[in-house]
Asks: 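I have a structure here, written as structure tokens, and I will follow up with some questions on it.
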Protein chains: 2
Amino acid sequence: MSEPWALKSKDSSESHGPYISAIYRHMQVLISAELAPHRIGSGQYMFLMAIAQQEPLTQKALSEKLLVDKTTTAKAIAKLEAEGYVRREADPADQRFQLLYLTEAGREVVPQVQEALNRVRTKTAAGIDEAEYAMFIRLLKTVLGNLTGL
Amino acid sequence: MSEPWALKSKDSSESHGPYISAIYRHMQVLISAELAPHRIGSGQYMFLMAIAQQEPLTQKALSEKLLVDKTTTAKAIAKLEAEGYVRREADPADQRFQLLYLTEAGREVVPQVQEALNRVRTKTAAGIDEAEYAMFIRLLKTVLGNLTGL
DNA sequence: CCAGATATGATGCTATTGCAACTAATTGGA
DNA sequence: TCCAATTAGTTGCAATAGCATCATATCTGG
């Protein structure tokens with residue numbers, strides 16, 4: 001990778017940056033439309049699903065799991081709480097922690113959100129076979145690892 | 001792809017969505033830091049580079065090329081103009097059009113921006129060989145095509 | 001036991017982005 | 001010719017997201 005010709009070759013090829021950017025923005029629009037009936041925005045669904053997968057969680061744990069700033073997590077949780085999908089409960093052992101649980105409404109909406117996300121994935125991954133998709137995920141993981149220091 | 005077992009198999013695998021999201025956000029932070037000395041934000045550099053590549057351009061053409069909303073383009077161009085990197089010139093043949101040109105300062109900063117983008121790409125694509133990277137770009141193009149209707 | 005250090009989370013500010021609605025300029029049909 | 005439709009761009013608003021800072025609660029060393 002430090003050889004001049006290798007760098008030159010990469011210099012002349014297209015970059016993934018613009019594609020990542022465009023895909024992110026268009027997926028956000030798509031997911032917003034899918035989840036609008038449930039009053040869940042594109043900035044909240046990942047927190048809802050993460051809590052559903054591993055309940056209960058603190059905001060700090062959520063931030064680390066999803067690789068987002070803790071203030072982004074705080075705002076997303078505040079919205080999910082206002083919509084009645086998530087409930088906070090102070091940890092009796094340590095009042096600094098607020099454990100996050102799904103409410104009944106939250107438990108009811110999670111499968112519908114999952115279906116919406118599956119629809120988006122099926123639509124966006126059309127024309128990619130399973131082997132290619134596995135490779136795609138692996139490459140995305142590599143890039144993300146390079147960005148976060150693994 | 002329409003076979004039930006194929007769908008079932010895709011349902012159980014990881015989705016690219018969260019990776020796209022995390023990569024986008026982290027790349028934005030990285031690029032912002034790289035371009036801060038030039039007072040260019042993560043929301044402006046792609047417009048600058050697109051103008052450099054194909055001068056002159058209208059805002060409409062930029063929006064379609066970069067797949068962004070025309071209002072996003074208008075705001076990015078306003079910032080680049082305020083920083084003295086881009087100049088607007090009304091098309092004498094049709095006053096609705098504003099042709100966009102680089103200024104002298106713009107022409108000077110473009111190579112430095114390109115170098116910063118190359119550094120980001122090299123860092124984020126570490127550990128991916130050329131064949132894999134080509135495949136990666138192809139898959140990203142496919143996903144983006146699925147989102148925009150090709 | 002108490003003061004400082006540390007951890008969790010909240011608040012204010014800023015940047016990016018898209019949608020709705022608007023203005024201004026051009027074009028085309030009655 | 002003139003008015004309606006189209007096109008380019010702007011403005012206001014809202015959502016997402018990160019940084020700096022602050023408040024509160026817990027823990028640790030003297």
Side-chain angles (χ1 to χ4, degrees), chain A residues 20-33 35-36 39-48 56-64 66-83 86 88-100 147-148, chain B residues 17-18 20-33 35-36 39-48 56-64 66-83 86 88-100 147-148:
Chain A
I20 294 284
S21 167
I23 291 169
Y24 170 77
R25 288 181 285 102
H26 283 85
M27 282 190 73
Q28 229 184 6
V29 170
L30 203 58
I31 292 175
S32 291
L35 300 183
R39 303 176 56 81
I40 297 171
S42 64
Q44 288 113 52
Y45 76 91
M46 61 177 176
F47 298 93
L48 183 78
L57 245 67
T58 65
Q59 290 187 189
K60 179 129 205 312
L62 262 184
S63 301
E64 288 168 358
L66 300 175
L67 299 170
V68 296
D69 190 83
K70 60 180 179 170
T71 65
T72 301
T73 301
K75 287 157 193 168
I77 296 302
K79 287 198 178 182
L80 287 171
E81 192 183 27
E83 292 296 339
V86 166
R88 306 162 119 108
E89 192 172 305
D91 186 337
D94 189 334
Q95 297 286 319
R96 289 176 303 181
F97 295 88
Q98 305 220 355
L99 299 174
L100 303 171
L147 278 164
T148 59
Chain B
I20 295 284
S21 167
I23 292 169
Y24 170 77
R25 287 181 285 102
H26 282 84
M27 283 191 72
Q28 227 185 8
V29 170
L30 203 58
I31 293 176
S32 291
L35 301 183
R39 305 176 57 81
I40 296 172
S42 65
Q44 289 110 55
Y45 75 91
M46 62 176 176
F47 298 94
L48 183 78
L57 244 67
T58 64
Q59 291 188 190
K60 179 107 197 315
L62 262 183
S63 302
E64 287 169 357
L66 300 175
L67 298 170
V68 297
D69 189 85
K70 61 181 180 170
T71 66
T72 301
T73 302
K75 286 154 192 170
I77 296 303
K79 289 199 176 182
L80 286 171
E81 191 183 28
E83 292 297 338
V86 165
R88 306 163 120 110
E89 193 173 304
D91 186 335
D94 189 332
Q95 297 286 319
R96 289 174 303 179
F97 294 83
Q98 305 219 356
L99 298 175
L100 304 172
L147 278 164
T148 59

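Here is how names work: the chains are called A, B, and so on, in the same order as the sequence lines, proteins then strands, and each is numbered from 1.
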Asks: Rounded to whole Å, please give me the gap between CD in A/Glu81 and P in C/dG9.
Replies: 13 Å

Asks: Expressed in angstrom and rounded to an integer, what is the separation of A/Arg25 atom CZ from D/dA17 atom P?
Replies: 14 Å

Asks: If you assign each of A/Ser42 and A/Gln95 to its closest nucleotide in DNA chain D, which residue comes earlier from the 5' end?
Replies: A/Ser42

Asks: Just how far, in rounded Å, is P of C/dT14 from CD1 of B/Ile40?
Replies: 21 Å

Asks: Over how many whole Å does the gap from A/Lys70 atom NZ to C/dT11 atom P extend?
Replies: 13 Å

Asks: Return the nearest nucleotide to the side chain of A/Val29; candidates are C/dC19, D/dA17, C/dA25.
Replies: C/dC19

Asks: Measure from the side chain of B/Asp94, starting at C-beta and using heavy atoms only, and say which of C/dT26, C/dG9, C/dG18 lies closest.
Replies: C/dT26

Asks: What nucleotide, of D/dA20, D/dA25, C/dT17, holds the atom closest to the side chain of A/Arg96?
Replies: D/dA25

Asks: Regarding B/Tyr45, tell me which of base, sugar-phosphate or nothing describes its non-hydrogen contacts under 4.0 Å with the strands shown.
Replies: nothing

Asks: Do A/Lys75 and D/dG18 share a donor-acceptor pair, side chain to base, under 3.5 Å?
Replies: yes

Asks: Between B/Thr72 and B/Val68 (side chain of the first, backbone of the second, donor and acceptor by atom type, cut-off under 3.5 Å), is there such a pair?
Replies: no

Asks: Looking at every strand, decide which applies to B/Thr58 at a 4.0 Å heavy-atom threshold: base, sugar-phosphate, or nothing.
Replies: sugar-phosphate

Asks: Taking the nucleotide of DNA chain C with the closest heavy atom to each, which residue, B/Pro92 or A/His26, is nearer the 5' end?
Replies: A/His26

Asks: Figure out the CD/C1' separation between B/Gln59 and D/dT11, and round it to whole Å.
Replies: 13 Å

Asks: May I have the distance from B/Glu83 (atom CD) to C/dA15 (atom C1'), rounded to whole angstrom?
Replies: 14 Å

Asks: Is it true that B/Glu64 and B/Lys60 have a side-chain N and a carboxylate O under 4.0 angstrom from each other?
Replies: yes

Asks: If you pin A/Ala61 and B/Thr72 to their nearest nucleotides in DNA chain C, which one's is more 5'?
Replies: A/Ala61

